[in-house]
Amino acid sequence: MWALAAAAFAAEARLEGTAELEERTNPSALIAQQWDDFLLKRIDAARGERPRRWNRDFSGPEAYARSVGPNRARLAQMVGAVDARPNEGGFDFSAPESAPGPLAEGARFTVWPARWGVMPGITAEGVAVHPRAAPAGLVVIIPDADQEPEAWAGVKSGGRVPPKIAWRLASGGMLVVVVAPVSRDSTWSGDEASGVMTNQPHREWIHRQAAPVGRHVVGYEVQMVRAAIDAFARSGGAGAPVGVIGFGEGGLVALLAGALDERIRATWTAGYFAPREGIWAEPLYRNVHGLLTEFGDAEVASLVAPRALLIEACDGPTIAAAANPAGGPVARRSASPGALAPAPVAEVRREFARLRGLLGERLAAKAEMIVPDDPRAAPGTAEALAVFFRQLGLVTGTLDEAVPAVRRVPSAEETSRRQRRIVGGLSAHVQELARLSDRGREAFFWGKVTPGAAADWPARVEPLRRAFSDDFVGSLALPDAPLRPRSRWRADLSAAAYATHEIAFDVTPGVED
């Protein structure tokens with residue numbers, strides 16, 4: 001009986017109304033590759049579609065800043081730099097009782113531990129290079145995620161870290177605050193209470209928790225920078241020049257801070273600026289939902305205008321895309337692969353040229369790029385530092401001949417505990433947002449929709465349906481294509497009572513299902 005049925009089904013090798021489907025060894029891999037090709041083309045096309053999201057007014061600097069205000073607000077929303085910061089508190093430069101006094105001393109400045117409030121439950125930490133006279137302004141430095149702030153202040157040796165930047169700025173009268181960033185280490189990535197830890201970098205650990213509530217690790221670090229400016233203003237520095245410097249991951253944060261906070265007079269990003277169309281291959285914590293539809297690095301940098309911007313095309317951090325380790329519990333093997341590599345100078349130049357094209361001749365004059373003679377150079381060349389001083393409107397500081405005397409070097413245990421506090425504070429803030437998220441959802445939904453007749457319900461919720469589709473799920477406007485249904489009989493999946501056919505149809509040109 002089975003043989004007769006099989007013979008009958010074989011005669012119907014394809015379903016009625018379909019063309020013949022050729023045998024495919026791995027349909028899932030084929031479809032994945034088709035979607036991969038399709039999305040890469042969409043990423044490339046996004047750059048050309050961005051201008052319709054902008055309405056720049058070049059009639060004057062103030063008009064330009066106002067015209068890009070909506071884009072600035074959308075960028076802040078994308079990176080989650082949206083929480084209000086309490087208008088209270090200042091810097092705490094006090095040393096622990098067990099080791100009183102500064103970390104280091106020079107003729108014109110001292111180096112102290114630094115803490116300042118950001119938001120309830122979140123305290124930023126780092127070090128401060130404080131001029132001996134009253135500060136003439138503030139510069140916030142954000143190191144790369146694998147660097148310690150003490151290295152940038154010259155208290156520790158850090159390898160390819162330029163402490164002379166902070167020393168010279170402080171010698172020139174600026175208060176320099178070096179932020180301790182969320183690191184790429186994974187020591188505190190997990191639930192200590194339950195003993196379940198992961199191999200996720202701290203940045204990924206926070207990113208995974210933050211994304212569902214509309215926050216991002218870089219948004220939190222931008223808030224740390226902005227809170228430092230708040231604290232300086234409250235201490236009497238309102239109106240004084242403010243600058244921000246960042247390298248590597250800190251270069252990203254510095255660029256975002258300069259774009260979002262108009263109090264920053266000069267922004268210096270080093271080892272970061274480049275085309276961003278390959279962000280999908282970078283570490284997961286670099287991912288920002290919907291970013292490329294409106295922003296590449298050139299578009300973000302255009303928000304700094306009409307204020308000053310310095311791009312230093314020095315060597316950036318290199319992170320290998322290592323596979324997850326095979327051993328340990330499943331939770332521990334959860335880190336996502338992703339690689340970072342310094343952008344070729346030619347690519348940096350192309351993105352900078354694109355920025356200048358966006359700004360126009362007059363505004364582009366305040367955007368400058370430095371390319372070191374040595375492509376492997378660390379950030380902070382003398383030329384770049386001189387440009388930054390000029391952008392801040394300062395006289396170049398005279399660096400002391402003698403290296404500052406180091407009084408105390410924080411131990412590895414101290415800096416690890418500091419990272420634990422930073423990661424724990426951010427995680428607790430995210431979890432509190434998640435706990436209260438039902439209130440936000442209620443306000444978002446019922447604040448826009450009022451109860452009424454059932455017949456009117458579809459029309460009332462249609463704007464929210466579109467918002468869910470476009471802003472949250474990320475729907476794709478796919479070009480129409482004929483279905484072109486194909487099928488083939490699968491003897492290996494058929495039986496006497498039924499026949500199984502494998503089918504395929506076109507979702508959009510070049511992609512089938």
Side-chain angles (χ1 to χ4, degrees), residues 89-118 122-135 138-185 187-188 202 221 224-225 227-228 231-232 235 245-248 250 378-380 397-425:
F91 290 113
D92 177 3
F93 296 141
S94 60
E97 292 183 3
S98 58
L103 299 175
E105 291 187 271
R108 294 183 174 86
F109 58 84
T110 53
V111 182
W112 294 86
R115 293 166 59 89
W116 61 100
V118 181
I122 300 178
T123 299
E125 301 192 43
V127 297
V129 186
H130 202 298
R132 291 192 180 274
L138 171 71
V139 173
V140 182
I141 296 178
I142 313 97
D144 182 54
D146 285 336
Q147 297 174 332
E148 294 183 356
E150 287 81 5
W152 279 75
V155 176
K156 283 185 175 181
S157 59
R160 308 190 70 239
V161 174
K164 287 186 178 181
I165 292 180
W167 296 348
R168 195 176 291 277
L169 285 164
S171 295
M174 302 295 284
L175 169 62
V176 181
V177 175
V178 189
V179 180
V182 180
S183 77
R184 296 189 186 97
D185 188 26
T187 303
W188 310 112
H202 293 148
E221 288 174 326
M224 294 177 187
V225 174
F232 182 68
S235 67
I245 302 171
F247 170 65
T398 302
L399 182 65
D400 297 328
E401 292 296 329
V403 173
V406 176
R407 305 300 184 195
R408 186 176 75 86
V409 178
S411 66
E413 183 181 358
E414 284 181 83
T415 56
S416 181
R417 287 200 304 266
R418 177 176 64 197
Q419 189 67 206
R420 181 187 189 185
R421 291 191 297 269
I422 294 170
V423 172

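Values reported hereafter were calculated over all heavy atoms of this structure, with side chains retained and with hydrogens, waters and symmetry mates removed. As the structure is a computational prediction, the values presented were derived from the model and not from experiment.
- Minimum interatomic distance between Pro410 and Val155 (heavy atoms only, all atoms of both residues): CD-CG1, 4.0 Å.
- Between the OG atom of Ser157 and the CD atom of Glu148 there is a distance of 9.5 Å, given to the nearest 0.5 Å.
- Rounding to the nearest 0.5 Å places CZ of Arg420 at 11.0 Å from OG1 of Thr187.
- In this structure, the side chains of Glu150 and Glu414 stay at 4.5 Å or more apart for every pair of heavy atoms.
- From Trp112, atom CH2 reaches atom NE2 of His130 across 10.0 Å, with rounding to the nearest 0.5 Å.
- Annotation: the span from Arg421 atom CZ to Trp188 atom CH2 amounts to 11.0 Å, rounded to 0.5 Å.
- Of all non-hydrogen atoms in Ala124 and Met224, the two that sit nearest each other are CB-CG, 3.9 Å.
- The CZ atom of Phe91 sits 13.5 Å away from atom CZ of Arg115, with the distance rounded to the nearest 0.5 Å.
- Using a 4.5 Å heavy-atom cutoff, the side chains of Ile245 and Leu169 are in contact.
- Looking at Glu413 and Arg417, a side-chain N of the basic residue comes within less than 4.0 Å of a carboxylate O on the acidic one, giving a salt bridge.
- Nearest heavy-atom pair across Pro131 and Gly173 is CG-O, 3.6 Å.
- When all heavy atoms are compared, the tightest approach of Pro143 to Pro149 is CG-CA, 4.3 Å.
- Ion pairing between a basic and an acidic side chain is recognised when a charged N comes within 4.0 Å of a carboxylate O; Arg132 and Glu105 show such pairing.
- Here the shortest heavy-atom pairing between Leu138 and Met174 reads N-CE, 3.3 Å.
- Atoms NE2 and CD, on His202 and Gln419 in that order, are 5.5 Å from each other to the nearest 0.5 Å.
- For the pair Glu221 (side chain) and Val182 (backbone), a donor-acceptor distance under 3.5 Å is present.
- The side-chain heavy atoms of Val177 and Trp116, taken from C-beta on, include a pair separated by under 4.5 Å.
- Taking all atoms of both residues into account, the shortest heavy-atom contact from Val129 to Ala170 is CG1-CB, 3.4 Å.
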Candidate pair Thr110 and Phe93, rule side-chain contact (heavy atoms from CB on, under 4.5 Å), full reasoning: CA-CA 11 Å; Thr110 53; Phe93 296 141; over 6 Å; no
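- With contacts defined as side-chain heavy-atom distances shorter than 4.5 Å, the pair Pro162/Phe247 does not qualify.
- Counting heavy atoms from C-beta outward, Asp144 and Arg184 have side chains that approach closer than 4.5 Å.
- Partner of Ile141 under the side chain to side chain contact (heavy atoms under 4.5 Å, CB included) criterion, out of Val225, Val179, Val178: Val178 alone.
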